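Here the structure is a predicted model, which means the values were calculated and not measured. By convention in this document, chain letters (A, B, ...) are assigned in the order of the sequence lines, proteins followed by strands, and residues within each chain are numbered from 1.
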Amino acid sequence: MTQLLTRPAPGRSAGSARPPRPRLAARIAARTRGGAVQAVLLVAAALWLMPTVGLLLTSLRPKEDSAASGWWTVLAHPARLTLDNYTALLGGGEVLGAFWNTVLISVPATALTVALAALAGYAFAWLEFPGRDWLFLVVVCLLVVPVQIGLVPVARLLGAIGLFGTVPGVVLFHVAYGLPFAVFLLRNQFLEIPQEIMEAARIDGCGEWRVFRRLALPLALPALASLAIFQFLWVWNDMLVALVFAGSDSQPLTVLLQSQMRQFGSNLDVLAPGAFLSLLVPVAVFFSCQRYFVQGAMAGSVK
Amino acid sequence: MRTPTRPRSSGAALRRRGLAPVFLLPALALLGALVLYPIGWSVVRSLYDAPGTGFVGLGNYRTAFTDDATLTALRNSAIWVAVAPALVTGLGLVFAVLTEKVRWGTAFRLLVFMPMAISFLAAGITFRLVYEQDPARGVLNAAAVAVHDTFDPDPSYPGARPRPGGPATTSGGAVRAAPAPPGTAVAVPLVGLKPAALPAAAKPAAAPAAGAQGGVHGTVWLDVTPGGGTPGTIDPGERGLPGVTVRLLDGQRTVATATTAADGSFAFPGHPSGTVDLPAANFAAPYRGLAWLGPGLVTPAIIGAYLWIWAGFAMVVIAGGLANLPRETLEAARMDGAGEWQIFRRITVPQLAPVLGVVLVTMVINVMKIFDLVFVVAPGPVQQDAGVLALRLWLVSFGGGNDQGLGSALGVLLLLLVVPAMVLNVRRFRRSTR
């Protein structure tokens, strides 16, 4: 399951004799079919690339140019591209503040989710306590609960303890709604550790805490990494939760940009570079950790 | 998912019992307070009115199924669930199978998978640009116009009309030329256009060449000379209208058609008489593409953006399943001379059925909760036409509606909709532990 982005070996079984040379007509047919497949995929690749290229080029054009013509016209006049939008945006302070808020929300929300889920997942896997199976069944049930159901009541709850409209409030919500999947994933991962290894460590006199820290956590590292990446991207990209729980001085980039959507068209010099900035971090994470990302996607297909 | 093995209880396990609460407490406390309690609270709250003081029973649920905006949202959510998961899974399957056949398949998969890392907001802004209605700025309509004009290349001249008091008149959008004595040219002087609106190919207006003058012939031109000129006659510097469709009528019947040349001239050799008529299509507004974000197309347009984001996920999961399939059956079928399509339909798809099912269910759950993309892509005025359940819930509870009773009822409905998925998960889990 680890190398999903690499192609499986082409449909020839190793060791067997080469199949007999097909007849010429069949070879030509196969060749044209190969060409058709290439063409279809090339068109699809262009379609998939185009929106992002459009956003990038729009973010590099002066506002007046974007109002007058489409981004593709700039390909004929590359000299019209400029970084002015970015310098103006980053000089403004507001966007930088929102960017910083995004970091302040995403990093603790990821760290806390992984830490709490590792503890609980370990307990569900290797500790004995009454009602363990039933309790875990509840966690399985909570896997698909939509965050929307929590918005109103948790807003009241956080308001009562003074956390509504603050970064910790947003973080807590993200942790709570990230936990079911995280606990589910890590509990299954910890169960993969062979019983003999666990027993051997315990007989050697290791305390439970040491077994958890020194043995279980290192062995589950790949799963912890996938989980961390997914949770980080989820929180970084979130808009709904922050829209409800963040205040004006704790709002992340997504909410700041969303508040600009009403004037869409006249403020492309803010929206396009802002959107591009906000997707830069996730895309960088994606390309540097694609292996874990794929594993997470596979595991996530229960959520 | 591999089958986990349960640890057996042992004497040592008893000692560890005391530790369990320490490990579990933080996670369970959060889950209890912020997930379980809100579910119960919402169920109760959904039975009360907007301020939360009067008990209304199932009144909020009745409102949900009678109120226009909420009904639209329910209908749109149903469209989403019926269309989007199937499209995502289908496209993912096609991509997964095709990328196995080309050398750059890995690069393609990376490219198509990448949008999954992008926020709905950034994707939404990206697609607002794509769906921009003005073909000068929106790439999709620019492409639509380019395709349309390839198949219908004749230029059109919106606003052009015959010179008042001149030899030509309008009849129902079309321009009808006055009959001319046989052998003389039919004059169709038009006004109402800026000279700059003529195509660059337009040449100075002229009568058709002498050889073509055997039948009805004439000239369509822009009878405007800055600062003067004689109305109704071709002055030096006045240019013809190229590409105008001209019909020759005998009574109501069309006997011949022609298109004007670059100098605006036309001729019907061999037709000595008839009425010259310029159909209304010559003066129609040019094709400007579709209103992607208008009330009619907004939901399909947003589903298109969703496809862009999620097709890569389906592709990668299906490709994972594909890699685990036994290759022998495929080889045997190929040796027996089965075509690629037959192999795909009879072998690959049936073998992949479990994986396809998982992807489909995942996408259905995902689509039910769709909010951000609709919220960002649909412009304010059509937001109600594009509304989905989760968006309606937000609008009702926070975005101005301020009716937490109805909001809670919608939340409970949303939860009820994912209960089948919950049951599925529990059953799958039970099977894997047995």
Side-chain angles (χ1 to χ4, degrees), chain A residues 4-8 11 37-38 41 45 48 51 54-55 58 69-70 116 119-120 122-123 126-129 140-146 148-150 152-154 175-176 179 183 188 191 195 202 208 233 237 239-240 244 254 257-258 261 264 271 275 278-279 282-283 286 294 297-298 301-302, chain B residues 4 7 9 12-13 16-17 19-20 23-24 26-27 30-31 34-35 38-39 41-42 98 101-102 105-106 108-109 111-112 117-119 121-122 125-126 128-130 136-137 139 142 313 316-317 320 323 330 358 362 365 369 371-372 390 393 397 404 407 411 414-415 418 421-422 425-426 429:
Chain A
L4 290 171
L5 285 175
T6 54
R7 266 165 352 121
V37 168
Q38 301 252 9
L41 288 184
W48 250 258
L55 181 72
T58 305
S69 60
L116 298 191
L119 285 171
Y122 183 82
W126 292 105
L127 299 182
E128 304 250 334
F129 53 91
V140 173
C141 280
L142 295 184
L143 277 176
V144 292
V145 168
Q148 278 90 354
I149 199 147
V152 178
V154 176
V175 174
L179 272 177
V183 172
N188 287 347
L191 274 182
Q195 174 126 23
R202 283 166 172 169
E208 206 58 42
L233 291 181
N237 287 336
M239 180 176 81
L240 174 60
V244 173
T254 45
L257 292 175
Q258 192 280 325
M261 284 305 286
F264 189 89
L271 278 179
S278 95
L279 69 77
V283 169
F286 169 72
V294 171
M298 297 289 285
S301 45
V302 291
Chain B
S9 1
R16 296 194 294 272
R17 191 170 278 185
L19 264 172
F23 277 73
L24 281 171
L30 269 180
L31 280 177
L34 301 188
V35 184
I39 294 176
W41 187 90
S42 295
L98 290 188
K101 298 184 192 297
V102 295
T106 307
F108 180 89
R109 283 186 195 169
L111 173 67
V112 174
I118 299 177
S119 68
L121 175 92
I125 293 176
T126 306
R128 275 291 280 272
L129 287 169
V130 169
R137 290 185 288 149
V139 70
F313 166 80
V316 164
V317 176
L330 283 184
V358 168
T362 310
I365 301 172
K369 309 182 205 166
F371 163 82
D372 319 38
L393 187 156
S397 324
Q404 299 188 343
L414 202 57
L415 185 66
V418 296
M422 208 180 269
N425 273 344
V426 169
F429 170 72

Item checked: Test applied, side-chain contact (heavy atoms from CB on, under 4.5 Å); reference residue, A:Leu179; option that passes from B:Val35, B:Leu34, B:Leu30 ->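 The option that passes is B:Leu30.
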Check: Where on A:Leu142 is there a heavy atom nearer than 4.5 Å to chain B: the side chain, the backbone, both, or neither?
Finding: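 Looking at A:Leu142, just its side chain touches chain B.
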Check: Side chain, backbone, both or neither: which part of A:Thr254 has a non-hydrogen atom closer than 4.5 Å to chain B?
Finding: both
Rounded to the nearest 0.5 Å, how far does [atom2] of [Y] lie from [atom1] of [X]?
X        : Y        : atom1 : atom2 : answer
A:Leu279 : B:Leu121 : CG    : CG    : 10.0 Å
A:Leu116 : B:Leu24  : CG    : CG    : 11.0 Å
A:Tyr122 : B:Leu19  : OH    : CG    : 9.0 Å
A:Leu41  : B:Arg109 : CG    : CZ    : 10.0 Å
A:Thr58  : B:Leu129 : OG1   : CG    : 4.5 Å
A:Met261 : B:Ile125 : CE    : CD1   : 5.0 Å

Notebook entry, point to check: Using non-hydrogen atoms only, which part of B:Leu393 is less than 4.5 Å away from chain A: side chain, backbone, both, or neither?
Noted result: side chain
Checklist line | Atom group of B:Val418 that falls short of 4.5 Å from chain A, counting heavy atoms | finding: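 Both parts, backbone and side chain.
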Notebook entry, point to check: Looking only at heavy atoms, what is the nearest atom pair of A:Phe129 and B:Ala20, with distance?
Noted result: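 Smallest interatomic distance, heavy atoms only, reads CD2-CB, 3.4 Å.
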Check: Looking only at heavy atoms, what is the nearest atom pair of B:Ala390 and A:Gln148, with distance?
Finding: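 That would be CB-NE2, 3.3 Å.
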Quick check for you: among [options], which has the greatest number of heavy-atom pairs under 4.5 Å with chain A?
options                                : answer
B:Asp372, B:Val139, B:Val426           : B:Val139
B:Gly407, B:Ala142, B:Ala136           : B:Ala136
B:Ala117, B:Ala421, B:Gly411, B:Ser397 : B:Ala117

Notebook entry, point to check: With respect to chain B, which residue among A:Cys141, A:Gly54, A:Ser278 yields the maximal number of heavy-atom pairs within a distance under 4.5 Å?
Noted result: A:Cys141
Margin query: Heavy-atom pairs under 4.5 Å with chain B - which of A:Ala176, A:Gly70, A:Pro153 has more of them than the others?
Written below: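 Among the listed options, the one with the most contacts to chain B is A:Pro153.
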Item checked: Side-chain heavy atoms of B:Trp41 within contact of A:Val152, under 4.5 Å ->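 Sidechains of A:Val152 and B:Trp41: in contact.
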Check: Do the non-hydrogen side-chain atoms of B:Leu415 and A:Val145 ever get within less than 4.5 Å of each other?
Finding: yes
